[in-house]
Amino acid sequence: MTAPDTAPLLSLNPADPADVVTAVPAAGAAGVHAAVGRARAAQPAWQDAGAAGRAAALTAIARAVEEAAGELAALAVREVGKPLAEARAEVARTVAIWRYYAQAPYEATGAVHEPAAGVGLLLTRRRPHGVAGLITPWNFPFAIPAWKAAPALATGNTVVLKPAPEATACALRLAELVQGALPEGVFTVVPGGADEGRALVETADVVSFTGSTAAGGSVARAAAAQGVPVQAEMGGLNAALVLPDADIERAAAHLAAAVAGYAGQKCTATSRIIAVGAAREPLREALAEAVRALPVGDPADAATVCGPVISGPARDRFDRARAGLSVLATGKSPDGPGWYAAPTVVEDVPADHPLLHEEVFAPLAALLHADDLAGAVRLANSVPHGLVTSVHTAGLESVLHGLDHLDTGMIRVNAPSTGVDFHLPFGGTKASSHGPREQGRAALEFYTSSRTYTLTP
């Protein structure tokens, strides 16, 4: 009899679930351990390649991804249902990430200090951990692996990547491009699910995770038990604050896109909209119009903003979350075989409703009201997560004090909550993040450990 764990991983097209994008065997715990072993054996030589060698390799990866841009964007559309315009933008960002970190090997890795007394030198130096175990989600199948792997590789680590099963084909194609510029064993993809993820955490020297809050908590605890550095980027219940002096039409357009872009399947998506004071009524009207106007449909259409959600269970969660609530506005949900969910904004949501406390990861948001900025800040802070908050206003001087009280890792003013500047630290507070920040120079520190040297004659 065939063992259950030998069944292939199936990745289906969310816009046409009858289309099997890929079917590959899971690596299994033994496969993960073997990949980590090969990566550990390859790490010293990769580190010794020096700044020039690592910089040249990452530059070559950027070039290879750029040359395959059209193919990669089409694959993201097919495998994870990402709208074509967003898929193209993600691939372009992936190229930029590899190019950005291609310069990192030349960064200073320490400092020289004078001794407190006597003659000698005190040095600090950052060195790679060894094997970086990366666990990534399906919603950014190229950019998130890149912004984890690139700094890890730049600083002399080797990488073993365990992608979400729903993005297996994207990860394997990315690996082909990356491996073409690297020595054998330096970058490996291990397809699989939770079992493979656990095996990777048990054997890697440093762990970076992006995914759900529950899974991220498990990863953080397991890595801590192993005594290895860990970062976990998890969920968000992101708020948007709209003040009375805001450009309401512009704010509504930003909000509709942040709620329903890529079917709301971003950790930075807006799920709570807080109208402050007199902004309530004009925002209700403008937001309803903006949501109804959103292009919903085939992700392969360049005009589409909201395509399907990733799976049937994801659509079921969306249906349960909005059931029985008062709907302010809803968009169109196309007929056909895909897992489509109509963009929806609800209002008059009871304070204890799960929508206000649990991430749905779908094109659904609640419109709330606060009498003043202080009340809006308290409402924004009233959830377990704190990833990003957007604030919409014409008078920055009147809200700077209020912004300082937002318990959130990132604040975006007069811009959608979605969007990432990869050269700056990324992360949140409370249940949204665990451990050091990702991206920018912060990533270079995470993937290295500091050593202190005392040199005396």
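If you take NZ on Lys332 and OG1 on Thr330, they are separated by 11.5 Å, rounding to the nearest 0.5 Å. Note that the CD1 atom of Ile274 and the CZ atom of Arg280 stand 12.5 Å from one another [nearest 0.5 Å].
Between Pro145 and Leu174, some side-chain heavy-atom pair lies under the 4.5 Å cut-off. Between Val159 and Thr188, the closest side-chain pair of non-hydrogen atoms is not below 4.5 Å. The shortest side-chain heavy-atom distance between Leu10 and Thr22 does not fall under the 4.5 Å cut-off. The closest side-chain heavy-atom distance from Val391 to Leu403 is below 4.5 Å. No side-chain heavy atom of Thr213 sits less than 4.5 Å from a side-chain heavy atom of Ser432.
With 3.5 Å as the limit, one finds no donor-acceptor pair spanning the side chains of Gln43 and Thr158.
With hydrogens and angles disregarded, a donor-acceptor distance shorter than 3.5 Å links the side chain of Glu79 to the backbone of Ala169. With Arg272 contributing its side chain and Ala380 its backbone, the two residues share a donor-acceptor pair below 3.5 Å. Listed for the Gln231 side chain is a donor-acceptor partner under 3.5 Å among the backbone atoms of Pro436. Judged by distance alone, the side chain of His385 and the main-chain N or O of Ser433 form no donor-acceptor pair under 3.5 Å. Remark: the backbone N or O of Pro137 is not paired with any side-chain donor or acceptor of Thr210 at under 3.5 angstrom.
Under the salt bridge (charged side-chain N to carboxylate O under 4.0 Å, His left out) criterion, Glu281 pairs with Arg284, sequence neighbours left out. Under the salt bridge (charged side-chain N to carboxylate O under 4.0 Å, His left out) criterion, Glu438 pairs with Lys148, not counting sequence neighbours. Residues passing the ring-ring contact (aromatic ring centres under 6.0 Å, His included) test with His353, sequence neighbours excluded: none. The side chain to side chain donor-acceptor pair (under 3.5 Å) test applied to Thr155 returns Asn157, not counting sequence neighbours. Arg40 pairs by the side chain to side chain contact (heavy atoms under 4.5 Å, CB included) definition with Val36, Val131, Asp205, not counting sequence neighbours. Glu90 meets the salt bridge (charged side-chain N to carboxylate O under 4.0 Å, His left out) test with Lys82; sequence neighbours excluded. Remark: Arg292 pairs with no residue by the salt bridge (charged side-chain N to carboxylate O under 4.0 Å, His left out) rule, at least two apart or across chains.
A tilted orientation is assigned to the rings of Phe426 and Trp147, their planes being inclined by 30° to 60°.
For the ring-ring contact (aromatic ring centres under 6.0 Å, His included) condition, no pair includes a residue of residues 175-220, sequence neighbours left out. Applying the ring-ring contact (aromatic ring centres under 6.0 Å, His included) test to residues at least two apart or on different chains, none of the pairs has a partner in residues 318-346.
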Distance-only criterion, 3.5 Å: show the donor-acceptor pairs between side-chain atoms of residues 410-421 and protein atoms not counting sequence neighbours.
unit_1	atom_1	unit_2	atom_2	d
Arg412	NE	Pro416	O	2.5
Arg412	NE	Thr418	O	3.4
Arg412	NH2	Thr418	O	3.2
Asn414	OD1	Thr393	N	2.9
Asn414	ND2	Thr393	O	2.8
Ser417	OG	Thr268	O	2.6
Ser417	OG	Thr270	N	3.4
Ser417	OG	Thr270	OG1	2.6

Return a table of donor-acceptor pairs under 3.5 angstrom between the side chains of residues 254-267 and protein atoms on other chains or two or more places apart.
unit_1	atom_1	unit_2	atom_2	d
Tyr262	OH	Val80	O	2.8
Gln265	OE1	Ile310	N	2.8
Gln265	NE2	Tyr262	O	3.3
Lys266	NZ	Glu86	OE1	3.1
Lys266	NZ	Glu86	OE2	3.2

Atom pairs and distances, side-chain donor-acceptor, residues 68-78, under 3.5 Å, sequence neighbours left out:
unit_1	atom_1	unit_2	atom_2	d
Glu71	OE1	Arg173	NH2	3.3
Glu71	OE2	Arg173	NE	2.5
Arg78	NE	Asp19	OD2	2.8
Arg78	NH2	Asp19	OD1	2.7
Arg78	NH2	Val20	O	3.4

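Under a 4.0 Å N-O distance rule, the pair Arg99/Glu66 qualifies as a salt bridge.
When all heavy atoms are compared, the tightest approach of Val360 to Ala321 is CG2-CB, 3.8 Å.
For the side chain to side chain donor-acceptor pair (under 3.5 Å) with Thr429, the qualifying choice from Thr408, Asn381, Asp407 is Asp407, the only one to do so.
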